[in-house]
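Values reported hereafter were calculated over all heavy atoms of this structure, with side chains retained and with hydrogens, waters and symmetry mates removed. Along the sequence shown, residues carry numbers from 1.
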Amino acid sequence: MASAFGPRLFRRSPSSVPAARSLGRRMTVHSAAALIAFAVLQIWLVSSAVAAGAPSGLIVVALIVLLALAVPVARSVERRWYRLSRQALASWGLHARFRRDVRRLWVAALTLPFLWVSGAMAATDAIAAITG
């Protein structure tokens, strides 16, 4: 006699793929948190660089980099995923792309402040060596 509670071998449940609707909201949270982490790292690195003898104009440049580059990039990623979550059907490929984009966003947010502040310090040292 067959059990009514046995495993289904031939039919898969439709909930095996998570809903695509939540991806836009989830990307909004990730982009906001990554932007905050980027800003905190940038403020910490720039204040450390100014304390170490870098010109105080570096603070203004850091603010310009934050406003001119980081905010529009985070906003465009967020908008793209909000549109995709509204238009796309849920699939594992969509979720794999989402995870890839989240990973790229966080890697950029956590490494770019180190790269550009160290590059700015090297450029400041090079300019000082040329003029001095």
Transitively linked via ILVMFWY side-chain contacts under 4.5 Å: W106 with L45?
yes

Exercise: identify the closest heavy-atom pair between F38 and L112
CE1-CB, 4.1 Å

Taking the side chain as every heavy atom from C-beta outward, state whether L94 and W81 have any atom pair closer than 4.5 Å.
yes

Taking V46 as the starting point, is it possible to reach F114 by hopping between hydrophobic residues whose side chains are less than 4.5 Å apart?
yes

Going by heavy atoms in the side chains, are L84 and R97 under 4.5 Å from each other?
yes

Output the distance between atom CZ (R99) and atom CZ (R26), rounded to the nearest 0.5 Å.
8.5 Å

Is V77 reachable from L69 through a run of hydrophobic residues whose side-chain heavy atoms are each under 4.5 Å from the next?
yes

Approximate separation, where rounding is to 0.5 Å, of H95 NE2 and L23 CG
5.0 Å

Is there a continuous path of hydrophobic side-chain contacts, each under 4.5 Å between heavy atoms, that joins W44 to V50?
yes

Please answer: with hydrophobic residues joined when any side-chain heavy atoms are less than 4.5 Å apart, are F98 and V73 in the same cluster?
no

Would you compute the distance between atom CD of E78 and atom NE2 of H30 and round it to the nearest 0.5 angstrom?
12.0 Å

Can you tell me how far OG1 of T28 sits from OH of Y82, rounded to the nearest 0.5 angstrom?
7.5 Å

Taking every non-hydrogen atom, the tightest pair across T111 and V107
OG1-O, 2.6 Å

Rounded to the nearest 0.5 Å, how far does CG of D101 lie from OG of S31?
11.5 Å

For A108 and P113, which heavy atoms make the closest approach, and how far apart are they?
O-CD, 4.0 Å

Taking atom CG of L110 and atom CG of L115, what is their separation to the nearest 0.5 Å?
11.5 Å

What is the minimum heavy-atom distance between A49 and V117, and which atoms define it?
CB-CG1, 4.4 Å

